[in-house]
Amino acid sequence: MAQQDNQFKRLVSHCKEYGFIFQSSEVYDGLSAVYDYGPYGVLLKNNIKEYWWKSMVQMHENIVGLDASIFMHPKTWKASGHVDAFNDPLIDNKDSKKRYRADVLVEDYMAKIEAKINKEVAKAKKRFGDSFDEAQFRSTNPRVLKNQEKHDAIGKRLANGMRDNLADVKALIEELGIACPESGSKNWTDVRQFNLMFSTQLGTIAGEEGKLYLRPETAQGIFVNFLNVQKTSRQKIPFGIAQIGKAFRNEIVARQFIFRMREFEQMEMQFFVRPGEEMKYYEQWKAFRLKWHKTIGSPAEKLRFHDHDNLAHYANAAVDIQFDFPFGFKELEGIHSRTDFDLTQHQELSGRKIQYYDPELKESYVPYVVETSIGCDRMFLAVMSHALTEDVVPDANGKESTRLVLRLHPAIAPIKCAVLPLLKNKEELTDKAREVFNKIKFAFDCQYDEKDAIGRRYRRQDAIGTPYCVTIDFDTLEDNTVTIRDRDSLAQERIAIDDIVKTISGKIDMSTLLSQL
RNA sequence: GCGGGUAUAGCUCAACGGUUUAGAGUGUCUGGCUUCCACCCAGAAGAUGUGAGUUCGAUUCUCACUACCUGCUCCA
């Protein structure tokens, strides 16, 4: 555990030290669980997005893209269930430090009363035998009636309290003498509402009318555009809509660096299928998405599927792809069979028909949805945590020295090639190096560096994951060749200046990577 | 949100309540040297999270705030 902590701390400080990730608003002491991407971070993140987008949209003729707004009509979130389900009233026990949903505590208490009633009924049934009239017993037995009355009164008061009086829910819990199931303590905090959506307002005058939410997931933008996209792109089911975009969640606890942020980026694809065929595509996407991770270099032993035990209200199957982060296996991507829940909901709340006419079946239906949803920032953290390694390499005297190297897949590395004159104080070398730099900078992200000894410059590039370095030496002046040095093997090869772009392009090319999928 | 821990240069760490002008390594910058993996030499810049309190005096003790780590909790 301590070793994991250190490894994680090293990763966080590496991200800061080399300009990948900074804490948001750091000069003002930071803002909790919000982070900014620095110069290398934004390059890496963009490359990850490109890999995802091309593998999903470019590679699949039946998947098209979308960029829906962050603001959406408030009814969207009523339809999706977020307004209701993302509104948990929570209460803490001060002694046991356990947290509960206040309504669940009361409901459990009500369940106990119900159990008492049922016990009474069962007893009577045993006593009276076949002639027992349960309905009559329930409506006349004084003890049953009393308990039933109590049960109903509590239920009513809970419902009222939940609507607009959380203080009364606490009062109810105290009056009923509900104790912490774990510790038996009755020392409760106030009931607090945690709304997981951020709200803001439309227009310059505040009020209920203009209340808007920042989207907590990108998926709904896809669902409400289903018909627009399907008709204009002339897609036939099965087909998918992909989107990359920011989402916002007011998490109760946001921790672990960029793993759980309040503002984050999702890469989602909703695949629309015929009802009844969802499991076939669910399995298909499970396999494809896992392969996507392996192809970019995430090792099989750091990836695993994790089936959901409790399915969300909209799903009939759900699995996570978990990654072995420095703090353990955690969700990186989710693949969910969302049924027709979302489209049906939007159909009901909007009053518009959201259906697809299937020319083969000759009937209209609300399509079923299989979703793949990956956190872009989590993917960033996954590749960084796996890439950051320390190894032992020979130094100038042939002795062993350790180096910090970011073994990113070349296709997503922020800088593809560093151009280095062997010596700084020889103008013919620096001039030539500048010339080489200006020649290849059009092809990919390059960096020119003449400061410090050549070995140090190699190490600097290692630390930001640059896969290739070309070095201009005195031979270059004679024959227009350079040495190209490989980050991982340290091997050096002599190639012509005219071949640099071609050689490196072959190794960093996104299309080569995609063709392995 | 509750409990525990932490906060000193970009990074990693020092400094008895006062010998201090808060040190060191590393990194950064400038110059020199250097013909391929953290060389060397000379110089420079750079820090006590914020705000109160105790004290003659606070980086050091107390409290609050903020942020981070961590257990609980939550996770569409």
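So you know, we letter chains A, B, ... as the sequences are listed, proteins then strands, and number each from 1.
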Using modelled atom types and a 3.5 Å cut-off, is there a donor and acceptor pairing between side-chain atoms of Asp377(A) and backbone atoms of Glu265(A)? yes

Could you state the CZ-C1' distance from Arg457(A) to U35(B), rounded to the nearest angstrom? 12 Å

In terms of side-chain heavy atoms of Tyr35(A), which of C29(B), C68(B), U70(B) is nearest? C68(B)

Would one find a side-chain N or O of Arg10(A) under 4.0 angstrom from OP1 or OP2 of U12(B)? no

Is it true that Glu278(A) and Ser337(A) share a donor-acceptor pair across their side chains at a distance under 3.5 Å? no

Between A45(B) and A9(B), how far apart are the C1' atoms? Round to whole Å, please. 10 Å

Roughly how many Å is it from CZ in Arg460(A) to C1' in U26(B), rounded to a whole number? 13 Å

Under 3.5 Å donor-acceptor pair, Ser13(A) side-chain atoms to C11(B) base atoms: no

Under a 3.5 Å cut-off for both distances, is U8(B) Watson-Crick or wobble paired, and to whom? none

Classify the side chain of Asp473(A) and the base of C36(B) as holding, or not holding, a donor-acceptor pair under 3.5 Å. yes

Confirm from the modelled atom types if Arg485(A) and C37(B) form a donor-acceptor pair under 3.5 Å, side chain to base only. yes

Can you tell me how far C1' in U60(B) sits from the matching atom in A22(B), rounded to whole Å? 12 Å

Does Arg378(A) count as lying over the ring of Phe259(A), i.e. NZ or CZ under 6.0 Å from the six-ring centre, within 45 degrees of the axis? yes

Nearest-Å distance for atom pair OH/P, residues Tyr468(A) and C36(B): 23 Å

Answer with base, sugar-phosphate or nothing: what part of the nucleic acid does Ser32(A) contact at a heavy-atom distance below 4.0 Å? sugar-phosphate

So Phe323(A) and Phe325(A), ring pair (Phe, Tyr, Trp, His ring centres under 6.0 Å) or not? Walk me through it. CA-CA 6 Å; Phe323(A) 183 85; Phe325(A) 289 97; 5.1 Å; yes

